[in-house]
Trainee: 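Encoded as structure tokens, here's the structure I'll be asking about.
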Protein chains: 2
Amino acid sequence: MARQLDHEARDRAVVEASWRVIAREGMTALTVRSVAKEADLAPSSLRYSFPTQSSVRERAISAVLERLQERVVALPEDAHWGENALLELMPVDGEKHTEAIVWLALEMAAVADVDLQPVRARANAYIRTVCHDVAAWLGSSSEDLVDQLHAFVDGLTLHVVVRDECTPQWAERALRIYLDEVRERIAAGVQN
Amino acid sequence: MARQLDHEARDRAVVEASWRVIAREGMTALTVRSVAKEADLAPSSLRYSFPTQSSVRERAISAVLERLQERVVALPEDAHWGENALLELMPVDGEKHTEAIVWLALEMAAVADVDLQPVRARANAYIRTVCHDVAAWLGSSSEDLVDQLHAFVDGLTLHVVVRDECTPQWAERALRIYLDEVRERIAAGVQN
DNA sequence: TTTATTCTCGCACAGCTGTGCTACTATCTC
DNA sequence: GAGATAGTAGCACAGCTGTGCGAGAATAAA
């Protein structure tokens, strides 16, 4: 045999390097050479682990979903589970901000690139599941509420990434106001 | 003098060609050559009107805002002005769907490209103005409601573009449900 | 018709892209 | 030690990119 590479560490390094490139320079700049440089590897060495450019892109994207799932699963089931779960979907800190940019860049890239559509569909389905559970946590089983939660959370996410005046604090406040309104509505028995 | 080019028609043709390219193949595919081909021009001829690649991109994007403004201004001030104004912001028909893709692609491209940030800021400011007017139309002057309307509308837009299961009809229904809730809340005097 | 000007178009160039191929090195097993 | 093999690294190539440049065609004014 020969020397053994720590595949997990390599995977993490490449994923995080590609995230940084996407967040800093956009999806267009995600080239074999740029990722290799960011991960401090020779392009050919990167290509040993990731033979094609699209394998890098696909891994960068599926890793966002993995991270998100890990965070949501790790969430304590306390009195604020619902808010906290939704906040995990939103760019309320630096790391999540990077992930959100990657995530939104994927959403748009998948419009034109069929190879990315499966992972996009999986991720959207998972986010919807979270919204579904939050709706249940709020005491509602309305599909309309799930749609509304999902759209609102994604809208806030987009705005934090894209509008300078929208900070994490702004998004958190907007989310709390909205959730209070939903709670009132449910308490009033308007929907179930 | 010499033969005269219809600059307006040329501008329209190039703008629409670039929209088609972006919607079909993504922002990455917006090259001098691809736009020229889509507009049925020799690349060098395109470059007579648009000397650089970024001038094409910037024009494609500012044109989205122009179109949007024209549509909103043209809206009759009848009993459904508010809903209709918000629907103008959303991809509820084929043309608006294309524009929404271009618009969202811009939002993400501007994260990395400083040249695009001014037009993005202008467009977001305009959309917020529309949301503000709709809030007033609903009988509220709450900034929180404006934020909520804006985030919700953009969230629905994103979902129609990005989630297969989200049709224009779905978005329109979700918007109406949401607006009914807002109206009830305002009628109850919860906020002003 | 002549002339000036606007527009069209092709060619060339440097720099980037993904990727195939090959040589080399370091380390694990025997 | 010897040898096999996992991993590194460099080079080359075709194809794409934006863009500079110059030559030509078409048309308006003289």
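Order of the sequence lines fixes the chain letters, A, B, ..., with proteins taken first and strands second; residue numbering starts at 1 for each chain.
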Trainee: Can you work out whether A:H7 or A:P43 has the more 5'-proximal nearest nucleotide on DNA chain D?
Mentor: A:H7
Trainee: Among the nucleotides C:dT6, C:dG18, D:dT19, which one has an atom lying closest to any side-chain atom of A:R33?
Mentor: C:dG18
Trainee: Provide, to the nearest angstrom, the distance between the CG atom belonging to B:D6 and the P atom belonging to D:dT27.
Mentor: 15 Å
Trainee: Which of these nucleotides, D:dC21, C:dC21, D:dT8, is closest to any side-chain atom of A:L5?
Mentor: D:dT8
Trainee: With the threshold set at 4.0 Å, does a side-chain nitrogen-carboxylate oxygen contact exist between A:R67 and A:E88?
Mentor: no
Trainee: Please state how far atom CG in A:L41 lies from atom P in D:dG10, giving the value in whole angstrom units.
Mentor: 12 Å
Trainee: Could you state the CD-P distance from B:Q53 to D:dG20, rounded to the nearest angstrom?
Mentor: 13 Å
Trainee: Record whether the side chain of A:S45 comes under 3.5 Å of the base of D:dG7 through a donor-acceptor pair of N or O atoms.
Mentor: no
Trainee: Would you mind telling me which of C:dC21, D:dG18, C:dC11 lies closest to the side-chain atoms of A:R47?
Mentor: C:dC21
Trainee: When you check the gap from the basic side-chain N to the acidic O, do A:R176 and A:E172 get nearer than 4.0 Å?
Mentor: yes
Trainee: Based on the rotation axes of five pairs at each end, what angle does the helix from C:dT8-D:dA23 to C:dC30-D:dG1 bend through, to 10°?
Mentor: 0°
Trainee: Which nucleotide in the list D:dT8, D:dT17, C:dC9 gets nearest to the side chain of B:T31?
Mentor: D:dT17
Trainee: Please evaluate residues B:Y178 and B:Q148 with respect to the criterion side chain to side chain contact (heavy atoms under 4.5 Å, CB included), reporting the C-alpha separation (whole Å), side-chain torsions for both, the decisive distance (0.1 Å), and the verdict.
Mentor: CA-CA 10 Å; B:Y178 170 70; B:Q148 200 172 93; 2.8 Å; yes
Trainee: Has A:Q117 got a side-chain atom pairing as donor or acceptor with A:A110's backbone, closer than 3.5 angstrom?
Mentor: yes
Trainee: Pick from B:R122, B:R71, B:R59: which one makes a salt bridge (Lys or Arg N to Asp or Glu O under 4.0 Å) with B:E66?
Mentor: B:R59
Trainee: Do A:E143 and B:R173 sit within salt-bridge range, that is, some charged N less than 4.0 Å from a carboxylate O?
Mentor: no
Trainee: Under 6.0 Å from the CD atom of A:E165, do we count more than 12 heavy atoms belonging to anything else shown?
Mentor: yes
Trainee: C:dC21 C1' sits how many Å from A:Y48 OH, rounded?
Mentor: 16 Å
Trainee: Side chain of B:R10: nearest nucleotide among C:dT8, D:dA9, C:dC9?
Mentor: C:dT8
Trainee: A:T52 near the nucleic acid: base, sugar-phosphate alone, or nothing, with a heavy-atom cut-off under 4.0 Å?
Mentor: sugar-phosphate
Trainee: What is the distance from NZ of A:K37 to P of D:dA9, rounded to the nearest Å?
Mentor: 16 Å
Trainee: State which of C:dT8, D:dG7, C:dT6 makes the closest approach to the side chain of B:Q4.
Mentor: C:dT6
